[in-house]
Protein chains: 2
Amino acid sequence: MGITDRRLRQKEEVRQNIICTAWQMVMKDGWHALSIRKIADAIEYSVPVIYDHFENKEAILLEFSKEGFRILSAKIIEARDKFQDPAEQIRSMADAYWDFALNNLEHYQLMFGIGMACCEISKSMPEQENFRRLVSEPMEELAKKNQRGDVNICLKYHTFWSVMHGLISIKIVGNSAYDTELNKLVLDDAISGFIKNLS
Amino acid sequence: MGITDRRLRQKEEVRQNIICTAWQMVMKDGWHALSIRKIADAIEYSVPVIYDHFENKEAILLEFSKEGFRILSAKIIEARDKFQDPAEQIRSMADAYWDFALNNLEHYQLMFGIGMACCEISKSMPEQENFRRLVSEPMEELAKKNQRGDVNICLKYHTFWSVMHGLISIKIVGNSAYDTELNKLVLDDAISGFIKNLS
DNA sequence: TTACATTTGCTAACACTGTTAGGTTATTTA
DNA sequence: TAAATAACCTAACAGTGTTAGCAAATGTAA
């Protein structure tokens with residue numbers, strides 16, 4: 001009885017050791033630097049031992065993804081319970097979501113699969129700058145037309161792109177969980193609101 | 001003269017051949033299945049020839065990212081020029097953006113780095129379902145409070161998440177191109193509009 | 001205490017990956 | 001015809017995830 005207990009405990013310890021070591025690697029050099037061999041080296045076990053605890057490398061990364069959702073949920077609850085008014089609750093939860101993503105960047109990236117190949121887009125990519133200009137121009141025009149000298153076009157551009165990109169990212173990652181028609185409705189809804197805000 | 005011309009032409013042909021073959025692979029098995037060796041095999045050249053045309057594997061993928069931006073820009077222009085009214089232009093551009101992303105999924109993924117590890121989130125991930133419920137509840141409450149039986153909570157949840165996720169994705173990928181303060185403003189702006197729409 | 005069974009852990013290999021050094025062959029220029 | 005250059009290949013380096021098969025330690029039962 002006690003013997004099997006201890007064994008299970010020791011096995012769990014090794015498992016935690018794997019996760020902990022893996023996380024240190026992800027934090028230090030990013031998720032792409034994670035390697036089964038390096039983990040095995042660090043925990044001073046041979047490689048196949050890792051496979052006694054995890055089916056494959058992806059399963060380890062999935063662990064962090066799940067952990068991320070757990071942390072996020074906790075933060076969301078905490079934020080919600082600060083208020084009674086539902087509008088305030090939503091605002092508070094949005095803040096919590098935002099803070100979580102920024103403070104747990106690695107978690108968030110693994111949760112939603114952000115930043116794989118073709119990173120470093122930001123620097124000197126004329127294609128992106130061109131796109132930005134194209135989208136901004138009509139916004140500027142609309143603002144001018146409505147005598148809205150106060151609006152920050154750069155900000156509006158970001159809002160616009162965020163709505164678009166966010167919706168699409170979610171559709172791609174969580175494929176077919178919700179149908180395209182609904183997503184289109186969300187888009188129309190969001191963009192209508194966007195334009196209204198600019199008028 | 002003509003000789004160097006032909007050489008340049010032939011070199012360009014090989015380059016195009018590499019890109020074309022690589023793209024076929026990406027379309028067939030996804031970007032993760034892309035392999036320098038497989039490309040070399042397909043174009044019937046040895047591996048180092050690839051490196052005469054591209055610095056590394058990422059450079060090939062970057063080519064598709066750039067191509068994606070070119071296609072998107074063209075679509076955006078096309079959509080814009082259908083209208084004179086800027087509000088209509090924005091709406092049209094949003095539609096074009098949407099269509100582009102759905103019709104050029106591989107391009108879009110490479111452009112913004114979506115869907116790396118930890119895919120297949122959709123299926124049976126209680127953590128995500130839990131999160132969805134948590135976020136939806138106050139929305140439902142707010143709608144009820146304002147006697148808005150018409151609003152689709154599922155839709156609102158998606159809009160909410162899209163704004164959040166989109167903003168954050170962009171911040172992560174295009175790191176430090178725009179400062180955090182601006183992004184926070186965008187968030188507040190978007191969420192305020194969101195709540196207003198729900199009242 | 002001995003014999004068997006089970007768990008645990010390892011070595012070594014398979015089949016890949018991106019990348020590059022160095023040499024060979026063919027083509028072009030002087 | 002000889003030197004220079006470009007084109008191209010072989011073979012290797014240093015990794016990667018994953019697994020088959022074996023050895024040793026540990027537990028259980030006779």
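Chain letters run A, B, ... following the sequence lines, proteins first, then strands; residues in each count from 1.
Without hydrogens or angle criteria, N104(B) side chain to H107(B) main chain gives no donor-acceptor distance under 3.5 Å. Using modelled atom types, one side-chain atom of N56(A) and one backbone atom of E58(A) make a donor-acceptor pair closer than 3.5 Å. Between the side chain of T21(B) and the backbone N or O of I39(B) there is no donor-acceptor pair closer than 3.5 Å.
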Would you tabulate the nitrogen or oxygen pairs shorter than 3.5 Å linking the protein to nucleotides 21-23 of chain C?
none

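The nearest whole Å value for the distance from the CD atom in Q10(B) to the C1' atom in dA6(D) is 12 Å. One atom, NZ of K57(B), and another, C1' of dG15(D), lie 14 Å apart when rounded to the nearest Å. Summarising the geometry, the separation between CD on E55(B) and P on dT19(C) is reported as 9 Å, rounded to the nearest angstrom. The nearest whole Å value for the distance from the OH atom in Y51(A) to the P atom in dT16(D) is 11 Å. In this structure, K11(B) places its NZ atom 8 Å from C1' of dA7(D), rounding to the nearest Å. Nucleotide dG17(D) holds its C1' atom 17 Å from the NE2 atom of H32(A), rounded to whole Å. Residue R15(A) contributes atom CZ, which lies 15 Å from atom P of dT8(C) at whole-angstrom precision. Protein atom CD1 of I50(B) is 15 Å distant from nucleotide atom P of dA7(D), rounded to whole Å.
The number of heavy atoms from other shown groups lying within 6.0 Å of CD (E44(B)) does not exceed 12. Other residues, nucleotides and ligands contribute over 12 non-hydrogen atoms within 6.0 Å of the CD atom of Q10(B).
What you find for I71(B) and F100(B) is that their closest heavy atoms are CG2-CE1, 3.6 Å.
For DNA chain C, the neighbouring residues in residues 35-46 of chain B, judged by any heavy atom under 4.0 Å, are S35(B), I36(B), R37(B), K38(B).
Residues K11(B) and D52(B) are not paired through a salt bridge, judged by the lack of any N-O separation under 4.0 Å between the basic side chain and the carboxylate.
Using cut-offs of 30° and 60° on the angle between ring planes, the pair Y108(B) and Y97(B) is perpendicular.
Legend: residues meeting side chain to side chain contact (heavy atoms under 4.5 Å, CB included) with Q24(A), ordered by chain and number and at least two apart, are C20(A).
When each of V47(B) and H53(A) is assigned the nucleotide of DNA chain C bearing its nearest heavy atom, the one mapping closer to the 5' terminus is H53(A).
Here D52(B) lies out of heavy-atom contact (under 4.0 Å) with every strand.
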